Amino acid sequence: MKEILTKNLNPSQIEAVHCTEGPLIIFAGAGTGKTKVITYRIAHLLSLGIAPWSILAVTFTNKAASEMKKRVTNLISQTHRNLWISTFHSFCAYFLRIEASKISLDPNFLIYDFMDQKNTIKDCIKELNIDEKKFKVSTIVNKISRAKDDLKFPSDVVSEAEQLDNPFEFTISKIYELYQKKLKKTGALDFGDLIMQTVATLQQLPAMLERYQEKFKYIMIDEYQDTNRAQYILIKLLARKHHNVCVVGDDDQSVYSWRGADINNILNFKKDYPNAKSVKLEQNYRSTPKILSTAYQVVKHNNTRIDKQLWTENLDNGSVIVIKAVNENDEATKIANLISLNAYKHKLSNFAVFYRTNSQSRTFEDTFRRAGIPYALIGALRFYERTEIKDIIAYLKLINNPNDNVSFKRIINIPRRGIGKTSIESLEKFALLKNISLWEAIHLTSQADLTKGAQKALNSFMQFIETFLELKKKDISAKIISEKIVTHSGYLKELEAENTPESKTKIENIQELISAINDFQNRSQNKSLAGYLTQIALTSDTDSLDESKDKVTLMTLHLAKGLEFEYVFICGLEEGLFPIWESVSNNEELEEERRLMYVGMTRAKKNLYLCWSTERTIYGKTRWNIPSRFITEAGFKYDFTGSKQNPNFKNTNKKHFRAEVICEDTYNNDFEIKTGPFLSTIKTANPYKVGATVLHPTFGRGKIIEQSGTRENLKLIVLFENGQQKKLIAKIANLRFI
DNA sequence: TAGCCCGGCGTTTTT
DNA sequence: CGCCGGGCTA
């Protein structure tokens, strides 16, 4: 064991692993083996005879937590069920369920996600008769979430606003107050509550705190730069007795301040724990020297940082290249061109395109689709945020807890039951008057101000839900329940009747959901409906990165954190887009943009492409751009004197672009940069020649042996290497040229 | 009640 | 440019 623990580690990693007693801060730069150090450290603690149940490791994402568990298990070749590796939120959710009885909390509390929060806020605004134009729902959700991140209860926020004599903030504080009341009434906690209530509980009950402090002798926090105040206090509380707290992070990768993360938590760690040891992991195992030095050039421009410089033994001559485009289509085309030119020798999953805003993805999608480059768009619309999924989940939630007004309102008229806005409004008024939930209210429809038709419709809805409440009592599985919902509610029928490509995807998604529910039941110990609902509330990445599919990855820079790719394109590097204009007047925000750039750059293993476009259309408005300061800071000079104010962009239609490289270094021999024939395949009507070799995602390699039709009706007959002969419609066949 | 039209608005989103 | 939400009309 000892040997394994040191053999694979470099000196600073060994130092970090072996320093078990007392506070420790590990500055772990990008690609320096951070997860490895944490997992080895846990294994080391166990090898010293430390009890597994006295170790707590906290991460931010489920992905990180499960990865860590997996790697610890591999390392010590056994599983420790008592080893506590989890996210902040699931740790707190678990804690609160266990201790619920001591703080008069229903242990079956719901967990509200962003949508639930928004809907509840909408109700609050209506109830308080507040001008919806002045108070935007999402702003308020954000404000409330930030307050919770800062451990501020409604009363705190109210008195703060009173002191400041700020009517706007005061209104928000009143909304917060009502919002919190509503959550309490339905028995729901939002993400912020999970942390805040945990902290509050521990602060109020010293004996309990003492017990947990005694239990968790060794605490480790991953991505410490992303902790908010509540999480910071939580850790401080838990670690106060033994002081064996090890935080791992990288201030240069702090990019979530807008969500409450406080970079000062990591910067001031040594102030909090004056006897803290600090270890810097600076040897990078990911990127080429050129990428590392260029990324350093950029991040060095930040003032608020602790200096670290990554180095590598890697002698690869991979490169950083600036690509100048003429507009966003040109940008996408040039990138598609480079990818397709090199796709024959590199897997597509080795390429990634990063952008600052989600709206930039569209051009890439269009271009890649036309170019026949398979791509995976990450993060835009997450599985559990799709309407059809949210609808079915709302049914499950309502069955789990009929008093959940948010879910009730979501599905009361989905599919259409003839219960319109006015009916719902008068039902709501009635419920408010009687101080009961909507579910309770529909049992008394005759007393409310409702038409006969509405009463009848509500009654049949009530009976429909009642049948499921019965099923729940009989412990019928969540899978069966959800199947019955989908069919008996008429939801599926409505989608089938629609019979559009969209409705078909929706049906597929619902089937996927049901199989996910089934999976859950086979996997989990807590097979109840409530158990499933908690699980999904704390999970999001069902359909994120599927590495088995060979596709180019498209995602925002924020989502790129923690990942790596051989070839990375960072796009839209223009002043006003990246850094985004909102940030340029504020140095703190600008530094965060710069860190985001640093994160993006350090994802690249071999080649890094920095792309910018002189012209870009955003929201229908076309703007002229100058290259991002980050390009300049990276050491690339752009000669403005040569560029005309109003150049003639007619050349956009040229068949062959040459990716304009304003500054090029020796680039990787393995990667061709000059423009090949691919581009003409995008621009001309028919790139598919008889005799051409193509690659199909499922059938594999084949030769085009016949073609008919034109443009979107172009049909091909392809003879595949497995002997199959297929008729394909070129537009949708997703063929790649090889 | 439901469907249509118009106006406003538009960074990033681990849980 | 597109999406969403509110208000108006059939």
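As the structure is a prediction and not an experimental result, all values here were calculated from the model. Within every chain, numbering begins at 1; the chains are lettered A, B, ... in the order of the sequence lines, protein sequences first and strands thereafter.
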Between [X] ([atom1]) and [N] ([atom2]), how many Å, whole number?
X        : N      : atom1 : atom2 : result
A:Lys118 : C:dG5  : NZ    : C1'   : 11 Å
A:Ile618 : C:dG2  : CD1   : P     : 14 Å
A:Asp366 : C:dC1  : CG    : P     : 15 Å
A:Leu194 : B:dT15 : CG    : C1'   : 8 Å
A:Asp116 : B:dT15 : CG    : C1'   : 13 Å
A:Glu425 : C:dG6  : CD    : P     : 11 Å
A:Leu533 : B:dT15 : CG    : C1'   : 16 Å

Protein proximity profile, nucleotides 3-13 of chain B - base contact B, sugar-phosphate-only contact S, no contact -, cut-off 4.0 Å on heavy atoms:
S------BBBB

For A:Glu589, salt bridge (Lys or Arg N to Asp or Glu O under 4.0 Å) partners two or more places apart
none

Taking only residues two or more places apart in sequence, or in another chain, which ones meet A:Arg416 in a side chain to side chain contact (heavy atoms under 4.5 Å, CB included)?
A:Asn413, A:Glu494

When you measure from the side chain of A:Arg362, which nucleotide among B:dT15, B:dA2, C:dC3 comes out closest?
C:dC3

Does [X] have any side-chain hydrogen bond (donor to acceptor under 3.5 Å, both in side chains) partners at least two apart in sequence or in another chain, and if so, which?
X        : result
A:Lys182 : A:Glu127
A:Arg595 : A:Glu592
A:Asn302 : A:Arg594

Would you say the ring centers of A:Phe408 and A:Phe461 fall short of 6.0 Å from each other?
yes

